[in-house]
2 protein chains.
Amino acid sequence: MATVSVVSKLTARCEMCPSRSSGVCCGLSDGELEHLCGLMRHRRLQAGEQVIHQDDVSDVFAIIISGTVKLTRVLPDGREQIVGLLGPADCLGDLFLEGASHNTAECVTNTVLCCFPRDRFETYLRDHQDLERRLLTLAMRDLDEARDWLVTLGRKNASEKVATFLLWLLEKQQTAKASPFAASAATLELPLSRQEIGDFLGLTVETVSRQMTKLRAAGAIRLNTNHQIAIDDVDKLRRIAEQSSV
Amino acid sequence: MATVSVVSKLTARCEMCPSRSSGVCCGLSDGELEHLCGLMRHRRLQAGEQVIHQDDVSDVFAIIISGTVKLTRVLPDGREQIVGLLGPADCLGDLFLEGASHNTAECVTNTVLCCFPRDRFETYLRDHQDLERRLLTLAMRDLDEARDWLVTLGRKNASEKVATFLLWLLEKQQTAKASPFAASAATLELPLSRQEIGDFLGLTVETVSRQMTKLRAAGAIRLNTNHQIAIDDVDKLRRIAEQSSV
DNA sequence: CGGAGCCTTGAGTCGTTTCAAAGCAAGTGG
DNA sequence: CCACTTGCTTTGAAACGACTCAAGGCTCCG
């Protein structure tokens with residue numbers, strides 16, 4: 001009975017965690033979960049804090065519990081590109097990577113992480129193929145998503161880019177909440193600033209701003225605040241995103 | 001003795017294969033290799049043939065023995081983006097993917113593949129964690145590379161893009177041959193047409209062509225044929241690729 | 001020799017960037 | 001409580017770079 005209470009104490013928070021229901025941790029047995037919980041430490045970070053630094057060796061592997069983290073790369077002359085946007089249940093850290101990380105991971109909002117010492121997590125993986133399989137699946141999902149952005153960055157124009165981005169965020173947000181929204185009248189939390197949206201889409205702040213104004217003028221969206229917008233016409237947004245001139 | 005000769009017959013070609021020395025197959029024991037060889041079938045394809053079709057379910061997993069294969073995605077209106085370029089030792093096919101593939105895989109040159117029925121390869125993986133680990137590592141490498149291209153597509157201009165592409169090809173080609181070239185006077189095989197380079201870099205044919213001319217005029221490269229160029233000044237190319245205005 | 005396919009070059013257009021200024025919201029100190 | 005700073009966003013005007021359209025050049029091959 002004593003052990004049972006210890007188990008429930010350790011893993012209690014896990015039951016609330018998005019990673020337990022839809023992330024790496026889903027599918028873990030109670031025993032596995034308990035073991036991993038022994039390695040884990042929660043960490044609270046403020047917006048702007050960096051978890052991983054480009055060109056530095058990182059020994060962290062973490063699961064995001066709440067908040068948004070951006071992965072960025074910068075060119076020698078300072079130009080910046082966001083190469084990934086992570087939210088609750090997403091993983092952070094380069095497993096099995098030798099040498100320095102190629103990304104900077106920076107908190108966009110206040111964030112709570114579930115952190116593991118990377119080496120101990122990697123060791124644990126060696127005996128748990130199911131978990132490693134899950135990580136392989138996630139890596140392939142990330143790759144697929146990165147390639148989608150290649151299409152957007154390489155072949156779409158500014159309005160298509162912004163519309164695509166908003167739709168992507170909307171979908172991400174809806175699957176996270178698992179709430180079957182009606183096709184219209186959704187509200188969207190925008191964690192990124194205009195500058196950051198530009199850094200994501202390969203545009204300047206001004207262009208992003210202009211496109212938002214255009215979308216507003218077209219009746220597709222309304223700007224509640226700079227970080228919260230109402231999606232009035234999803235279909236119009238979709239048409240703009242793919243310029244399907246039907 | 002009979003079994004030994006069967007083994008050597010089955011796996012004989014593997015010893016010449018780039019995947020054996022640097023791809024998925026390196027690290028496999030003789031027994032593992034033999035087993036996999038039992039599943040494998042070689043397949044010869046001509047330039048232009050498609051191995052996987054976007055939006056179709058694919059049941060192939062393959063290793064490229066020779067040739068170049070491009071992964072592309074097309075938008076509803078026909079715009080095309082190359083999202084990956086595969087060469088000898090690279091893997092082809094979406095393991096564990098449910099549903100249709102998101103890429104089209106098309107041979108750029110004549111190609112020889114080492115093909116596996118996907119389900120049988122997946123089954124084999126379940127009992128061979130070392131191999132699955134290797135696939136995880138490769139997936140993460142692909143992800144890393146895709147993100148590098150995000151930076152290039154999102155933040156670099158036309159000349160930087162073309163220079164970056166040439167340097168990337170050069171490096172790919174040199175590590176493939178494992179030949180420690182001198183820093184200058186290398187020769188580069190260009191499997192892609194101008195149009196395809198454009199589809200890779202998010203540019204038009206004309207822009208690619210103009211940039212090549214500019215690089216030639218700057219003395220960085222010489223065009224032997226349209227598909228073979230001499231790299232005269234790698235450093236100049238590097239400076240152009242990152243615009244490091246030193 | 002003549003055609004087909006790809007590559008190059010030129011001229012003009014259009015879209016995004018650049019540079020500059022003004023608008024707006026939140027927070028601070030008098 | 002109001003003036004003031006600060007940071008982000010929006011808007012405008014001009015410059016620039018990549019695209020579009022059109023023509024001409026080069027190579028390979030029948």
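Below, chain A is the first sequence line, B the second, and so on; all start at residue 1. For clarity, every value in this text was computed on a predicted model and none was experimentally measured.
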Visitor: Roughly, in whole Å, what's the span from CG in A:Asp199 to P in D:dC8?
Guide: 12 Å
Visitor: Looking only at the side chain of B:Gln211 (C-beta and beyond, no hydrogens), which of the listed nucleotides D:dA18, C:dT8, C:dT16 gets closest?
Guide: D:dA18
Visitor: With the side chain of A:Glu206 defined as its heavy atoms from C-beta on, choose the nearest nucleotide among D:dG12, D:dC21, C:dT8.
Guide: D:dG12
Visitor: For A:Asp232, is there an ion pair with A:Arg222 - N to carboxylate O distance below 4.0 angstrom?
Guide: yes
Visitor: Indicate whether OP1 or OP2 belonging to C:dT9 is found under 4.0 Å from a side-chain N or O atom of B:Thr213.
Guide: yes
Visitor: Between A:Met212 (CE) and D:dT10 (P), how many Å, whole number?
Guide: 7 Å
Visitor: Can you give me the closest heavy-atom contact between A:Pro88 and A:Gly67, atom names plus distance?
Guide: CD-O, 3.4 Å
Visitor: Assess whether one donor atom and one acceptor atom, taken from the side chain of B:Arg210 and the base of D:dG17, lie less than 3.5 Å apart.
Guide: no
Visitor: So, does A:Thr207 get its side chain near the phosphate of C:dT17, meaning an N or O under 4.0 Å from OP1 or OP2?
Guide: yes
Visitor: Is the ring pair A:Trp168/A:Trp149 parallel, tilted or perpendicular, if the boundaries are 30 and 60 degrees?
Guide: perpendicular
Visitor: With the threshold set at 4.0 Å, does a side-chain nitrogen-carboxylate oxygen contact exist between A:Asp90 and A:Lys172?
Guide: yes
Visitor: Between P on C:dG15 and NZ on A:Lys161, what's the gap in Å once rounded to a whole number?
Guide: 14 Å
Visitor: What is the distance, rounded to the nearest whole Å, between atom CZ of B:Arg79 and atom P of D:dC19?
Guide: 12 Å
Visitor: Choose from C:dT16, D:dT9, D:dT10 the nucleotide whose nearest atom is closest to any side-chain atom of A:Asn157.
Guide: C:dT16
Visitor: How do A:Val208 and A:Arg155 order along DNA chain D: which one's closest nucleotide is nearer the 5' end?
Guide: A:Val208
Visitor: Check every atom of D:dT10, D:dC19, C:dT17 against the side chain of A:Leu203 and return the nucleotide holding the closest atom.
Guide: C:dT17
Visitor: From CG of A:Leu223 over to P of D:dC8, roughly how many Å is that when rounded to an integer?
Guide: 18 Å
Visitor: Which part of the nucleic acid, if any, lies within contact of A:Gly198, taking any heavy atom under 4.0 Å across all strands shown: a base, the sugar-phosphate backbone alone, or nothing?
Guide: nothing
Visitor: Between C1' on D:dG17 and NZ on B:Lys156, what's the gap in Å once rounded to a whole number?
Guide: 18 Å
Visitor: Among the nucleotides D:dC19, D:dA18, C:dT9, which one has an atom lying closest to any side-chain atom of B:Ala158?
Guide: D:dA18
Visitor: Does a side-chain N-to-carboxylate-O contact under 4.0 Å join A:Arg79 and A:Asp199?
Guide: no
Visitor: Quick one: is C:dT8 close enough that its OP1 or OP2 comes under 4.0 Å of any side-chain N or O from B:Arg194?
Guide: yes
Visitor: Using a cut-off of less than 4.0 Å, is there contact between a side-chain N or O of B:Ser209 and OP1 or OP2 of C:dC7?
Guide: no
Visitor: Can you measure B:Gln228 atom CD to D:dT27 atom P for me and round it to whole angstrom units?
Guide: 15 Å
Visitor: Is the closest basic N to carboxylate O distance between B:Asp235 and B:Arg238 below 4.0 Å?
Guide: yes
Visitor: For A:Ile229 and D:dT10, what is the distance between atoms CD1 and P respectively, to the nearest whole Å?
Guide: 11 Å
Visitor: Please state whether the phosphate of D:dA18, meaning OP1 or OP2, lies under 4.0 angstrom from any side-chain nitrogen or oxygen of B:Thr204.
Guide: no
